[in-house]
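Report on the structure given below.
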Amino acid sequence: MTDYKKLWESLDMDLEKHEQLCNLLPDFFAEVYLSQENRPEGMNYFNLVVSSIHGLRPEELKRHRDSGGKVVGTFCVYVPDELIFAAGAIGIGLCGGSQFWVADGERVLPKNTCPLIKSFMGAKITKTCPYFQSCDLLVGETTCDGKKKAWEIMKNYADIHVMHLPQMKRDIDLRAWSHELEILKERLEELTGNEITPSKLKDAIKLINEKRKALRRLYELRKANPVPISGKDALLVTQIAFYDDPERFTSKVNSLCDELEERVKLGKGVFPSGTKRIIITGTPMAIPNWKLHHIVETSGAAVVCEETCTGTRYFENLVDEELDTLEAQIMAMSERYMKTNCACFTPNQGRIDDIIRLVREYKADGVIYYNLQFCQPYAVEYELVRQALQREGIPVLFIETDYSENDSGQIKTRVQAFLEMLG
Ligand code: BJ8
């Protein structure tokens, strides 16, 4: 990683602290990922991306900025990448998934805040994340209370534009969200000096749709039995989707899928036939949060799907590509994004319907409801999900945790008991 020292200096990073962070990842990645057997060859690209996570892509971002381009950081799957790319900027997802940053986040946030928020805040204030340091603008949103209030603190450290996300899905909310997209469009035009025209937006809509289609193809292949790729590997691919170059990423995912299709034809899987199939639903898992998947897949089960924002919520539903006016395109984007089912919305029956549909489609044996500690919207929503799954006869296990490893042993015991109960 030392090759990138000049890059990190140019980003005004805290090099000493950053080195501590860089020293943690290789062993952790080797333990969780490289220890897996029978991984697809196509994962080599994603291994490379992780092995140079703070070098390769940040260097591309720097080249983009050196030639006058802008980088925009986001934190939620409701914020449309299409507008960012149509403005000639690069969009990157910035949610924090590392325990390393949590203590620093707690310097400015209450301890009883969700680890995702503490982690991204710690990453920013310690200047140890090259992605944060590369951003010319951050885009926050009014989703949960923790994030909504965190933006007010983040303003002390970065330029931030906050979008007002409605929390119901009536016609009036759809129009309100399209209005927010228009405001974001203006802000991006001002930032980049580029006008967003219908033809640029059309290209960006196609670009992002292609990424979604590739991920959907990957997930379709996970429906096979035996499953041709581990849940950990699929999760890694989705995590990388948030910051990799969309065109290159799409082509790498499609190559991986070609290989997985061959595996499916041959009946070749990463786990033996008959392995219990688990769906994970709940809060997002930002890189390098691989904790629950690792526990499940080292306890004899396979994760076959994630109903999360680092899963199906990220890529389901496309934006209409055939529209030629900005007004129609923005409304189509508003419609697509408002189909996403986050627990910040009320009511949120669509998410419950999705979980049940996914259990059927992926022939899952059970569901693990993953809740990041102190995430109230998802914790409260659990009761309705539990009742619905019970009515359908689908077993569910609730796991609330943070990013530390302190409770890993205890979670493993509970997961193993759950798997035994599945028979
Ligand atoms: S659309 S899930 S990405 S808001 S886990 S920070 S909700 S306290 S991340 Fe999210 Fe958008 Fe919804 Fe998805 Fe708050 Fe909960 Fe923390 Fe969360």
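Atoms within each ligand, like the ligands themselves, are counted from 1 in listed order.
- Under the side-chain contact (heavy atoms from CB on, under 4.5 Å) criterion, Lys62 pairs with Leu7, Ser10, Asp66, not counting sequence neighbours.
- Considering only non-hydrogen protein atoms, atom 16 (Fe) of ligand 1 sits nearest to Cys114 SG, 2.3 Å.
- In terms of the ring-ring contact (aromatic ring centres under 6.0 Å, His included) criterion, residue partners of Tyr382 (sequence neighbours excluded) are, by chain and number, Tyr369, Phe398.
- The nearest protein atom to atom 14 (Fe) of ligand 1, hydrogens excluded, is given as Cys144 SG, 2.2 Å; this is a heavy-atom distance.
- For Arg222 (side chain) and Val303 (main-chain N/O), a donor-acceptor pair under 3.5 Å exists by modelled atom type.
- Contacts with ligand 1 closer than 4.0 Å are made by side-chain heavy atoms of Ile117 only, the backbone lying farther away.
- Around atom 11 (Fe) of ligand 1, the protein contributes the following N, O or S atoms under 2.8 Å, ordered by chain and number: Cys76 SG.
- Using the six-membered ring where Trp is involved, Phe75 and Phe120 have ring planes that are tilted, between 30° and 60° apart.
- Residues satisfying the side-chain contact (heavy atoms from CB on, under 4.5 Å) test with Asp27, not counting sequence neighbours, are none.
- Here the protein heavy atom with the shortest distance to atom 5 (S) of ligand 1 is Thr283 CG2, 3.6 Å.
- Scanning the protein heavy atoms around atom 2 (S) of ligand 1, the nearest turns out to be Tyr378 OH, 3.2 Å.
- Protein heavy atom in closest approach to atom 15 (Fe) of ligand 1: Cys375 SG, 2.3 Å.
- Gln36 places a side-chain N or O within 3.5 Å of a backbone atom of Tyr33 that can act as its donor or acceptor partner.
- Salt-bridge formation is detected for the pair Lys213/Glu210: a Lys NZ or Arg NE/NH1/NH2 atom is positioned less than 4.0 Å from an Asp or Glu carboxylate oxygen.
- The residues Arg212 and Glu321 are annotated as not salt-bridged, no charged nitrogen and carboxylate oxygen being separated by less than 4.0 angstrom.
- Taking 4.0 Å as the cut-off between side-chain N and carboxylate O, Arg217 and Asp258 count as a salt-bridged pair.
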